[in-house]
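Below is one structure, written out as structure tokens, with a few remarks after it.
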Amino acid sequence: MERAKRSERVVAIMRALCAQPGHLFTLRDFVEQFGCAKSTLSEDVAVVRNVLSRYGTGLIETSNGAAGGVRFLPFYSDEANRAFVERVCRELAKPERILPGGYLYIADMFSRPDVIGRMGEIFAKRFYEKQPDVVVTVEAMGVPIALMVAQALGKPLVTVRRNNRATEGSTVTINYMSASSRRMQSMSLSRRLLVPGQKALLIDDFMKGGGTAKGLSDMMDEFSVQVVGMGVILSMESPGKRRSEDCYPLMLLHEVNEEEKRILIRPASWL
């Protein structure tokens, strides 16, 4: 095989790292691919790290030793993340998004891979130091954002079902009170998806009263799994007595005024 140039190695390394965020690659993986010394590859990785750091578009994390290696973390700068959320808020604040009954149309924005993917990376950066083993959500609207968070962290996604399914095998089912509808609802999770002692990051799309978040937390208790964090895309700013005080929303919705055609929405203060 013809010896690869440095520019070629750098591109190939960056492509491999970006394809599996959070995955630890050993230098041996690249040595076998390019047929060059580890010291040469270390210099290539340094080039990638410096470029990402200069433009604030990601981090390269390295570790030494026999079990060491390199991993890519798709974490933008805090300034870039807040600017992105502000742009999303401006888009969601357009009067034409107001629906009858004072609802806000958000389905199109939360279905775009570029938008939902970036949101997932913001959550991943916020909770990375918590080192979750799994990302947990409840079907169905929470699945896209939770999948993007899991992708950015390099962790598996666990989806809690609204109803039992025969293909899930033995399941645990709990009842919880929906804070918005004030009705009792249920959720189920296969016993095979979680292991006692794991750490879970809870992710959902919207929070009004926190009933679903509380139900997810109770479900984790049933599996003896520790909840290390909770995030939602959008939360009501004044929902009354919230059931989850430790939730991190990206955006806070204060008001949807149907008569005056006004939407008040802003980025969360933690960004």
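Bear in mind that the values here come from a model prediction, so they are computed numbers and not experimental data. Positions are given from 1 along the sequence.
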Heavy-atom pair of closest approach, residues Glu139 and Val143 = CA-CG2, 4.2 Å

Of all the heavy-atom pairs spanning Val31 and Ala37, show the shortest one and how long it is.
-> CG2-C, 4.5 Å

Smallest separation among heavy atoms of Ala152 and Pro74, with atom names = O-CD, 3.7 Å

Are any of the side-chain nitrogens in Glu86 or Arg266 under 4.0 Å away from the carboxylate oxygens of its partner?
-> no

Are Val115 and Met119 side-chain neighbours, meaning at least one heavy-atom pair lies under 4.5 Å?
-> yes

Hey, are the side chains of Phe72 and Ile60 touching, using non-hydrogen atoms and a 4.5 Å cut-off?
-> yes

If you measure from the Lys or Arg side-chain nitrogens to the Asp or Glu carboxylate oxygens, is any gap between Asp133 and Lys155 under 4.0 Å?
-> no

Report yes if some heavy atom in the side chain of Ile122 is under 4.5 Å from a heavy atom in the side chain of Leu271; otherwise report no.
-> yes

Ignoring hydrogens and geometry, is there a side-chain-to-backbone donor-acceptor pair from Glu260 to Asn257 under 3.5 Å?
-> no

Between the main-chain N or O of Ala46 and the side-chain N or O of Asn50, is there a donor-acceptor pair closer than 3.5 Å?
-> yes

Test: Arg191 cationic atom under 6.0 Å from Phe223 six-membered ring centre, within 45° of axis | no

Looking at Phe30, is Arg9 sitting on its ring face, NZ or CZ under 6.0 Å from the six-membered ring centre and within 45 degrees of the normal?
-> no

Just wondering, are more than 12 heavy atoms of other shown residues or ligands nearer than 6.0 Å to CZ in Arg28?
-> no

How about Leu157 and Thr137: do any of their side-chain heavy atoms sit closer than 4.5 Å?
-> yes

Provide the closest heavy-atom pair for Phe123 versus Tyr248 in the form atom of the first, atom of the second, distance.
-> CE2-O, 3.4 Å

Within the distance-only criterion (no hydrogens, no angle test), does the side chain of Arg97 pair as donor or acceptor with the backbone N or O of Tyr105 below 3.5 angstrom?
-> yes

Any side-chain heavy-atom pair of Leu264 and Leu253 under 4.5 Å | no

Side-chain heavy-atom pair Val136, Met220 within 4.5 angstrom cut-off = yes

Please lay out, stage by stage, how Arg82 and Glu79 fare under the test salt bridge (Lys or Arg N to Asp or Glu O under 4.0 Å).
-> CA-CA 5 Å; Arg82 183 171 181 84; Glu79 294 78 10; over 6 Å; no

Any donor-acceptor pair under 3.5 Å from Lys199 side chain to Lys130 backbone = yes

Which heavy atom in Leu104 sits nearest to a heavy atom in Ile263, and how many Å separate them?
-> CD1-CD1, 3.4 Å

Distance-only, no hydrogens or angles: does the Ser42 side chain make a donor-acceptor pair with backbone N or O of Lys38 under 3.5 Å?
-> yes

Side-chain donor/acceptor of Arg71 to backbone N/O of Leu59, under 3.5 Å = no

Salt bridge present between Asp218 and Lys214 (N-O < 4.0 angstrom) | yes

Contact check, side chains of Thr173 and Thr171, non-hydrogen atoms, under 4.5 Å | yes

Hey, is Glu258 close enough to Lys261 for a salt bridge, meaning N to O under 4.0 Å?
-> no

Give a yes or no answer on whether the side chain of Gln20 reaches the backbone of Leu17 with a donor-acceptor pair at less than 3.5 Å.
-> no

Taking everything shown except Glu96 itself, do over 12 heavy atoms lie less than 6.0 Å from its CD?
-> yes

Can you name the nearest heavy-atom pair linking Leu24 to Gly69, along with the distance?
-> CD1-C, 3.6 Å

Electrostatic pair Arg126-Asp78, nearest N-O below 4.0 angstrom | no

Please say which of Ile203, Leu189, Thr212 ends up in a side chain to side chain contact (heavy atoms under 4.5 Å, CB included) with Val138.
-> Thr212

Do Lys125 and Leu73 have side-chain heavy atoms sitting under 4.5 Å apart?
-> no

